[in-house]
Amino acid sequence: MKYNFNEIEAKWQKYWSKNQTFKANNNSDKPKYYVLDMFPYPSGAGLHVGHPLGYIASDIYARYKRHKGFNVLHPMGYDSFGLPAEQYAIQTGQHPAITTETNIKRYREQLDKIGFSFDWSREVRTSNPEYYKWTQWIFIQLFNSWYNNDTDKAENIETLISKFEAEGNSAVNAVHDETVATFSAEEWKNFTSEEKQEILLKYRLTYLAETEVNWCPALGTVLANDEIVNGVSERGGHPVVRKKMKQWSMRISAYAERLLQGLEKVDWPEPLKEIQRNWIGKSVGASVDFNVLSNDDVTSSARLPEYFGQAVEKSQSISVFTTRPDTIFGVSFMTLAPEHELVSKITTPEQKEAVETYIEATAKRSERERMADVKTISGVFTGAYAEHPFTKEPVPIWIGDYVLAGYGTGAVMAVPCGDQRDYDFAKHFGIDIPNIFEGVDISEEAFADKENTVIANSDFLNGLGYKEATKKAIEKLEEIGQGKGKINYRLRDAVFSRQRYWGEPFPVYYVNGLPQMIDAKHLPIELPEVEKYLPTETGEPPLGNATEWAWDSVNNKVVSNDLCHAEPVEASQNGIYPLELNTMPGWAGSSWYFNRYMDAGNTEEFASQEALNYWQDVDLYIGGSEHATGHLLYARFWQKFLFDQGLLPVDEFAKKLINQGMILGTSAFVYRLENENTFVSKNQIGDKKVLPIHADVSFVNTSEELDMEAFKNWRPEFKDAKFITEEDGTFKVSREVEKMSKSKYNVVNPDEICENYGADTLRMYEMFLGPLEQAKPWNTAGITGVHGFLKKLWKLYFDDNGLKVTDSEPSAESLKSLHKTIKKVEEDIENFSFNTSVSTFMICVNELTAQKCTSKAILEPLAVLISPYAPHIAEELWSALGNSESIATAPFPAFEEKYLVESMKTYPISFNGKMRFTLDLPMDMSKEDIEKVVMEHAKTQAQLEGRTPKKIIIVPGKIVNIVG
RNA sequence: GCUCGAGUGGCGGAAUUGGUAGACGCGCUGGAUUCAAAAUCCAGUUCUUUCGGGAGUGUGGGUUCGAUUCCCACCUCGAGUACCA
């Protein structure tokens with residue numbers, strides 16, 4: 001009987017689907033295990049062989065856990081809102097929902113062919129109203145919450161209102177906008193409803209605010225920081241500019257510390273944690289207030305240079321953040337970001353022109369230029385002075401674009417002796433560089449080594465190290481009321497509005513310009529139909545094109561815009577108000593989907609408490625590291641928020657995470673003579689002037705030879721191509737490893753592999769390529785090795801006459817081969833080292849074939865061992881051996897040490913650490929006897945050439961090493 | 001620049017607490033089978049060699065009886081990050 005993989009695979013895929021073999025139950029006596037893949041965006045291009053790599057690994061693990069007696073949840077779904085479907089809609093007018101549906105269908109077909117053990121009954125799609133109903137619901141919960149720093153968690157906004165009513169806001173320890181004014185309980189009570197709403201917005205965990213955003217004109221939307229790479233959009237590479245817009249934001253900054261601390265308790269790759277740590281960017285230091293010297297100070301002071309202008313009318317103070325309060329006596333100037341709001345207030349008339357010119361010049365430079373150009377030092381003096389908090393000496397105030405408006409307070413106290421940028425700035429402009437370090441030379445560069453710092457010339461800090469000096473400086477600053485210890489985070493609040501159509505609509509309408517939440521019981525608010533997916537003529541988002549997009553707050557339904565007054569101020573007559581025109585960003589739906597899988601069909605809740613308590617969290621999460629600062633950070637944030645609400649049992653959603661490496665393509669290049677339509681084979685190029693051109697990899701065989709006819713028919717411009725071939729008439733291409741992509745014509749499709757070699761071969765070969773986490777090139781040529789192995793496996797069970805498995809007693813050798821394999825494969829799976837278990841299987845099958853093993857006692861457990869990797873063939877063998885149930889939950893074979901016990905050991909005999917020959921000796925031979933046998937051996941004598949060894953190292957059961 | 005990660009045959013890669021470097025597979029070479037091909041099977045395949053052996057895991061040094069593995073310095077490649085005060 002032949003190994004007919006196509007037939008076998010189709011048969012079992014049908015069986016699994018019909019019998020719902022992998023449907024997970026929310027009630028079970030078995031321990032739970034949750035294996036999750038990052039769900040895909042269903043793109044129009046379909047899957048290439050790189051995509052399923054992580055899915056195969058997680059599927060092997062899920063299947064293994066079932067054999068190990070776990071109740072396994074292994075779901076799959078689609079992150080189905082997104083830009084490409086919408087761009088396609090703009091070009092063709094086809095509704096994104098239709099495009100998405102088509103793409104999902106194609107994805108599903110491709111996934112099914114690979115034989116994954118997904119529980120499809122739990123499929124989620126983020127663009128499905130039944131799903132995004134709960135995304136909207138979570139948004140409402142965020143809106144109704146504030147972050148209480150005292151309890152260190154999110155609380156309902158009602159508790160904040162009670163506090164305001166009782167004591168105003170001065171004693172409230174909350175995370176909020178910088179711009180909140182203090183008010184008393186009395187004042188709060190007297191505020192109008194609208195004033196109250198505006199104030200509360202500054203505290204809510206999702207809030208509407210005028211924000212400076214990254215606007216991408218080409219995509220017609222704003223982008224989050226993590227969606228921008230090198231100053232251009234991650235998707236499409238379009239330019240991005242800064243623009244002020246009214247946007248929904250997520251107060252993720254409230255969770256900065258917990259997001260940082262939480263990393264300690266999850267088993268995620270260290271580099272990924274490091275990326276998140278950097279993104280959160282915690283710095284510990286102090287905030288220090290410098291008073292700006294005003295006219296009064298000036299007239300009463302003789303200490304100032306003559307050119308000090310009469311500018312500052314009343315006392316101002318500049319707040320700075322520093323990580324080095326210990327160096328405060330080294331301050332010789334201050335620098336403000338050009339955008340700093342005080343700049344215009346303190347600049348003296350004499351310096352006004354210079355300052356304005358400078359600000360104008362910086363504003364012109366794009367963010368990108370400023371980033372790229374780190375060498376040029378620029379800045380200008382404002383003419384104003386601040387007063388040093390301790391020495392009371394005047395400190396000149398400069399502006400410079402090396403200070404960023406968006407970090408800290410946008411101002412720094414410059415300590416040129418301790419910070420290289422301050423040092424360079426001071427050198428460039430001839431500002432003093434006082435040395436406050438003991439025994440350190442600062443004539444060439446600044447001294448930034450905290451560990452070896454000993455402070456000098458610093459009054460009460462003299463002689464102290466970094467730590468003590470920092471502590472003391474903060475104490476003194478607090479004493480004089482000009483500073484305090486402070487922790488700063490780089491993490492910014494996340495903009496949550498997108499000016500797009502294909503995303504979750506906000507459950508929000510506006511009364512007098514103030515946002516109102518739609519009551520949760522009226523969700524979902526479904527996306528309206530629009531005629532065009534482009535922004536409106538007045539520049540509003542695509543939802544501005546909808547004619548049915550107003551909220552009837554009396555009847556609680558979406559109604560025609562005509563019923564809604566254009567001017568919101570007048571709109572209250574009939575209770576019909578305009579709805580939000582933005583939609584949510586791509587990461588909204590993916591921030592909680594792993595919880596939805598636990599109870600995907602629930603129409604009453606996002607998931608029942610029962611299901612959530614049973615499944616708890618993801619035990620193993622596999623996906624790409626590119627989501628480090630996007631999905632993985634936002635999802636952790638929502639998880640913590642929902643945990644604070646008492647809605648989730650755990651505050652980290654994934655215990656263990658693995659980043660699968662990318663599978664790269666092996667591109668093929670042909671070389672065309674310059675200005676001619678003639679192509680030159682690789683070895684005939686010599687010093688000819690040629691241009692490399694990508695050829696489709698499907699035209700190239702395993703010997704790197706191009707199918708010239710296929711190439712000519714590929715594109716019209718190659719129709720009349722001429723070829724300079726090798727001497728044997730073949731045309732050789734050259735190969736290069738690149739990212740697998742359509743544009744490089746190096747894409748390999750998994751369907752074709754399944755068709756030609758089978759899904760089991762594909763699964764094993766993907767694993768065989770190398771370690772899961774590593775990037776590695778795909779090379780279809782190598783697949784025959786794995787395919788041949790499966791055929792060989794088949795032949796252990798079948799010959800021309802059918803099944804050849806017998807009930808004969810297994811040989812000791814065969815038992816040894818089997819148990820060696822059990823041990824290794826089990827260890828490999830636990831360590832996610834799937835590549836090495838493929839080799840182990842090959843060795844085992846090679847050995848059993850050589851042993852002519854036909855024993856069921858060996859071959860039945862072998863089928864179970866291999867079933868996580870090659871489930872179809874395993875099912876077929878399992879059923880051929882007389883089992884009527886699926887192999888999916890058959891117990892994993894138990895390893896028994898006794899079969900591996902050896903009586904003999906092949907000892908490597910080394911001389912000075914180099915193995916020269918081997919010797920078979922009994923395992924239980926004593927050290928003395930080993931030495932005797934080895935020394936008497938003729939080869940030993942030949943090696944020694946008459947010398948007497950200095951030393952003989954014998955490690956019984958391991959090695960013999962003769963020194964001398 | 002900084003922070004990680006990695007350098008092993010023609011290629012992908014293996015070597016689990018320091019103990020036989022190159023498992024397994026591809027490719028290549030030779031052979032068997034075949035009218036022929038595919039498929040299958042067998043043998044060989046790190047380099048070098050005077051066929052005894054010798055060298056060898058990016059480079060140089062160190063620790064050790066013994067180092068791909070541990071330590072130091074350097075080189076190369078990849079990823080992340082980029083004026084974060």
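This one's a predicted model, so the numbers in the text were calculated from it and none came from an experiment. Naming: A, B, ... by sequence-line order, numbering from 1 per chain. All values below come from the heavy atoms of this structure, side chains included, with hydrogens, waters and symmetry mates left out.
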inquiry  = Measuring only the C1' atom in each nucleotide, how far is C2(B) from U69(B)? A whole number of Å is fine.
reply    = 28 Å
ask   = What string of B, S and - do you get for nucleotides 1-9 of chain B, 5' to 3', when a contact is any protein heavy atom under 4.0 Å?
value = ---S-----
request  = Among C83(B), A21(B), C65(B), find the nucleotide with the atom closest to the side chain of Met915(A).
outcome  = A21(B)
inquiry  = Tell me the interatomic distance from Asn779(A), atom CG, to C26(B), atom P, rounded to whole angstroms.
reply    = 12 Å
key: Separation of atom CG in Leu772(A) from atom P in A14(B), rounded to whole Å   = 12 Å
message = Does Lys824(A) contact U16(B) through a side-chain donor or acceptor facing the base, at a distance under 3.5 Å?
response = yes
request  = From the options A85(B), A14(B), G12(B), select the nucleotide whose nearest atom is closest to the side chain of Pro771(A).
outcome  = A14(B)
ask   = Should G52(B) be called syn or anti, with syn set as within 90° of 0?
value = syn
query = Can you tell me if Asn488(A) and Ser283(A) form a side-chain donor-acceptor pair at under 3.5 Å?
reply = no
ask   = Between Lys951(A) and C65(B), does any side-chain N or O lie under 4.0 Å from OP1 or OP2?
value = yes
request  = Would you mind pulling out the nucleotide paired to G19(B), Watson-Crick or G-U wobble, both distances under 3.5 Å?
outcome  = C65(B)
inquiry  = Base, sugar-phosphate or nothing for Arg916(A)? Non-hydrogen atoms, less than 4.0 Å.
reply    = sugar-phosphate
ask   = Where each residue is assigned the nucleotide of RNA chain B containing its nearest heavy atom, which of Val786(A) and Tyr489(A) is assigned the position nearer the 5′ end?
value = Val786(A)
message = Using the C1' atom as the point on both nucleotides, what is the distance between A23(B) and A14(B), in whole Å?
response = 5 Å
ask   = Is C41(B) paired to anything, Watson-Crick or G-U wobble with both distances less than 3.5 Å, and if yes, which nucleotide?
value = G31(B)
inquiry  = Just N and O in the side chain of Tyr407(A): are any of them under 4.0 Å from OP1 or OP2 of A85(B)?
reply    = yes
inquiry  = Check the phosphate of U81(B) against Arg490(A), side-chain N and O only, distance under 4.0 Å to OP1 or OP2. Yes or no?
reply    = no
query = Going from SG on Cys417(A) to CZ on Phe437(A), what distance comes out if it is rounded to the nearest 0.5 angstrom?
reply = 4.5 Å
task = Determine the interatomic distance between P on C47(B) and the same-named atom on A38(B); round to the nearest Å.
result = 27 Å
remark   = Result for 5'-nearest mapping on RNA chain B, choosing between Tyr907(A) and Ile953(A), is Tyr907(A)
query = Taking the side chain of Met842(A) as heavy atoms from C-beta outward, which of C24(B), G80(B), C65(B) is closest to it?
reply = C24(B)
message = Categorize Thr322(A) for me: base, sugar-phosphate, or nothing, with a 4.0 angstrom heavy-atom threshold over every strand shown.
response = sugar-phosphate
Side-chain donor-acceptor contact under 3.5 Å, Asn961(A) with Ser910(A) = no
task = Could you tell me which nucleotide pairs with C24(B) by Watson-Crick or G-U wobble geometry, both distances under 3.5 Å, or answer none if nothing does?
result = G12(B)
query = Between C74(B) and C84(B), how far is it from one C1' atom to the other, in whole Å?
reply = 31 Å
query = Hey, does the side chain of Ser283(A) come within less than 4.0 Å of A85(B)'s phosphate (OP1/OP2), counting only N and O?
reply = yes
inquiry  = Which residues pass the salt bridge (charged side-chain N to carboxylate O under 4.0 Å, His left out) test with Asp267(A), not counting sequence neighbours?
reply    = Lys656(A)
query = Rounded to whole angstrom units, what separation is found between the NE2 atom of His787(A) and the P atom of C24(B)?
reply = 21 Å
ask   = For the rings on Phe333(A) and Phe425(A), is their centre-to-centre separation under 6.0 Å?
value = yes
ask   = Closest to the Pro908(A) side chain: U16(B), U20(B), G66(B)?
value = U20(B)
inquiry  = Mind checking if Asn846(A) touches a base, just sugar-phosphate, or nothing, with heavy atoms under 4.0 Å?
reply    = sugar-phosphate
query = Whom does U46(B) pair with, Watson-Crick or G-U wobble, provided both distances fall under 3.5 Å?
reply = A55(B)
key: Listed nucleotide nearest any side-chain atom of Lys795(A), set U40(B), G19(B), G12(B)   = U40(B)
message = Using a heavy-atom cut-off of 4.0 Å across all strands, would you classify Thr906(A) as base, sugar-phosphate, or nothing?
response = base
request  = Pick the P atom in U3(B) and in C72(B), then give their distance to the nearest Å.
outcome  = 14 Å
inquiry  = For Ile663(A) versus Trp778(A), what's the shortest heavy-atom pair and its separation?
reply    = CG2-CB, 3.6 Å
request  = Give the nucleotide from the list C65(B), G56(B), G80(B) with an atom nearest to the side chain of Val963(A).
outcome  = C65(B)
key: Ring centers of His787(A), Tyr765(A) separated by less than 6.0 Å   = no
query = Which one is paired to C4(B), where only Watson-Crick or G-U wobble pairs with both distances under 3.5 angstrom count?
reply = G78(B)
ask   = In terms of base orientation, is G58(B) syn or anti, with the syn window spanning 90° either side of 0?
value = anti
request  = Between C26(B) and U49(B), how far apart are the P atoms? Round to whole Å, please.
outcome  = 29 Å
ask   = Is the number of heavy atoms from other residues, nucleotides or ligands within 6.0 Å of CE (Met925(A)) greater than 12?
value = yes
ask   = Using 30° and 60° as the class limits, which term best fits the ring planes of Phe895(A) and His819(A): parallel, tilted or perpendicular?
value = tilted
ask   = Crowded around Lys816(A) NZ? As in, over 12 foreign heavy atoms under 6.0 Å?
value = no
query = In the strands shown, is A36(B) matched to any nucleotide by a Watson-Crick or G-U wobble pair with both distances under 3.5 Å, and which?
reply = none
ask   = From G19(B), G13(B), C41(B), pick the nucleotide closest to the side chain of Lys776(A)?
value = G13(B)
inquiry  = Taking the P atom in each of G18(B) and U81(B), what is the distance between them to the nearest angstrom?
reply    = 35 Å
ask   = Between G78(B) and G58(B), how far is it from one C1' atom to the other, in whole Å?
value = 15 Å
Residues in side-chain contact (heavy atoms from CB on, under 4.5 Å) contact with Asn835(A), at least two apart in sequence or another chain = Pro771(A), Ser833(A)
query = For A14(B), does either OP1 or OP2 sit under 4.0 Å from a side-chain N or O belonging to Asn835(A)?
reply = yes
message = Below the 4.0 Å mark, does A39(B) have OP1 or OP2 next to a side-chain nitrogen or oxygen of Lys791(A)?
response = no
